[in-house]
There are 2 protein chains.
Amino acid sequence: MNPADQDACRAWQLLMKFFFAQRAHLPSSGARFDLSPIQCHVLHLLEPRRPLPMSRLADTLSCDASNVTGLVDRMESRGLVRRRSSPEDRRVKVLQLTATGARLRTQLLRQMTGGSLPLSRLSLDQQRTLVKILEALVDEK
Amino acid sequence: MNPADQDACRAWQLLMKFFFAQRAHLPSSGARFDLSPIQCHVLHLLEPRRPLPMSRLADTLSCDASNVTGLVDRMESRGLVRRRSSPEDRRVKVLQLTATGARLRTQLLRQMTGGSLPLSRLSLDQQRTLVKILEALVDEK
DNA sequence: CGGATATACTTGATATTGTCAACTATTTAT
DNA sequence: ATAAATAGTTGACAATATCAAGTATATCCG
């Protein structure tokens, strides 16, 4: 394996490690509100005044649509999100944060940036560089 | 929220997005061998001649020990890993790659670095910077 | 020494997350 | 107008996750 591949490989492994390591810190933030890691992520993705079609969420999570159905079922039954039929296309249902959901989201984001999490170990420069690289990596259209 | 927190928050979201986006690329690599994302990660973590105690794996994955039991059960039944009692401490069981497991791991790493994956969109410099930042983030002891 | 405590792993119960196949409703294409 | 594609749901089921309880081994300490 050449050196370039080794870097790619190592980066991959570290990204995975970070994802799993991150769960250890959820008890102090997400789980305090009884949110699973995925629910935290969905809550983060759902911006307060920007309704999101369920199919878009399935795309972002790279999972089956039926998975989103269940995920949203649970979040809706807890009063965090609401399904609304889209007027333009009556097949699609868009997700909206409820007031409760938006409040929880704010608290979650606050905790996310709170001092104890590993991200705060990075310098500002590093954080900004990381964001730039990840944006290239994720390539949101 | 101040600008520094916004960067941290955005980095967090991007890291999560990457993790989920990454699953979309597994069908072309991991799933070809019928490996789940977690199984891929474990296979990557298990280096050929470096046995790993199950408890260390549970630490790395930030999950309950019983979860690792099931995970290893499935991988062992497929002949990818082997449990061996540690001679020093008979409570611990260490995991070793089988020949099959090692072979699969090599193929997996090769595919990981193969052209089509998003990591290859980064320049060498970016890859190296990313590795450096992630190492600070994950902080392996 | 010996009992209490801690650690490593397993088992069983249960919830969540994930896939797939089949179905309904709606939209788009021909 | 019919056919094909898309959005979402449902049901069956497997994988992943947690917790509580149990077994076996190690360690601590009076």
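Worth saying up front: this structure is predicted, and the values here are computed from it rather than measured. So that the names make sense, note that chain A is the first sequence line, chain B the second, and so on, each numbered from 1.
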#### Entry: Start and end of the DNA chain C segment that chain B contacts, any atom under 4.0 Å from a heavy atom
dA6(C) to dG18(C)
### Message
How bent is the helix from dC1(C)-dG30(D) to dT30(C)-dA1(D), measuring the angle between the end axes built from five pairs each, rounded to 10°?
### Response
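About 30°, once rounded to a multiple of 10°.
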### Query
Has Arg83(A) got more than 12 heavy atoms of other residues, nucleotides or ligands less than 6.0 Å from its CZ?
yes
### Task
Give the C-alpha distance, both sets of side-chain angles, the deciding distance and a yes or no for side chain to side chain contact (heavy atoms under 4.5 Å, CB included) between Asp34(B) and Arg78(B).
CA-CA 10 Å; Asp34(B) 220 42; Arg78(B) 290 189 42 191; 4.2 Å; yes
### Any donor-acceptor N or O pair under 3.5 Å, side chains Asp64(A), Ser66(A)
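The answer is yes; a qualifying pair exists.
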## Note on the structure
Letter by letter from the 5' end, nucleotides 8-15 of chain D scores (B base, S sugar-phosphate only, - none; protein heavy atoms under 4.0 Å) SBB----S
### Message
Looking at Thr98(A) and Leu80(A), would you say the former's side chain and the latter's main chain have a donor-acceptor pair under 3.5 Å?
### Response
yes
### Query
Is a side-chain donor or acceptor of Arg105(A) paired with a backbone partner of Leu43(A) at a separation under 3.5 angstrom?
yes
### Task
Indicate, with a heavy-atom threshold strictly under 4.0 Å, whether Ser85(B) touches base, sugar-phosphate, or nothing.
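Since no nucleic acid heavy atom lies under 4.0 Å of Ser85(B), the category is nothing.
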### Query
Parallel under 30°, tilted from 30 to 60°, perpendicular over 60°: which one fits the rings of His41(B) and Phe20(A)?
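Taking Phe20(A) first and then His41(B), their aromatic rings lie parallel (interplane angle under 30°).
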### Query
Which class fits the ring pair Phe19(B) and Phe19(A): parallel under 30°, tilted 30 to 60°, perpendicular over 60°?
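Phe19(B) vs Phe19(A) ring planes: parallel.
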### Query
In whole Å, what is the span from the CD atom of Glu88(A) to the P atom of dT6(D)?
18 Å
#### Entry: Same cluster (ILVMFWY, side-chain, under 4.5 Å), Leu45(A) and Leu95(A)
yes
### Query
Start at the 5' end of DNA chain C and walk down; is the nucleotide closest to Asp89(A) or to Leu61(A) reached first?
Leu61(A)
### Task
Report yes if the side chains of Gln107(B) and Leu104(B) come closer than 4.5 Å at any heavy-atom pair, otherwise no.
yes
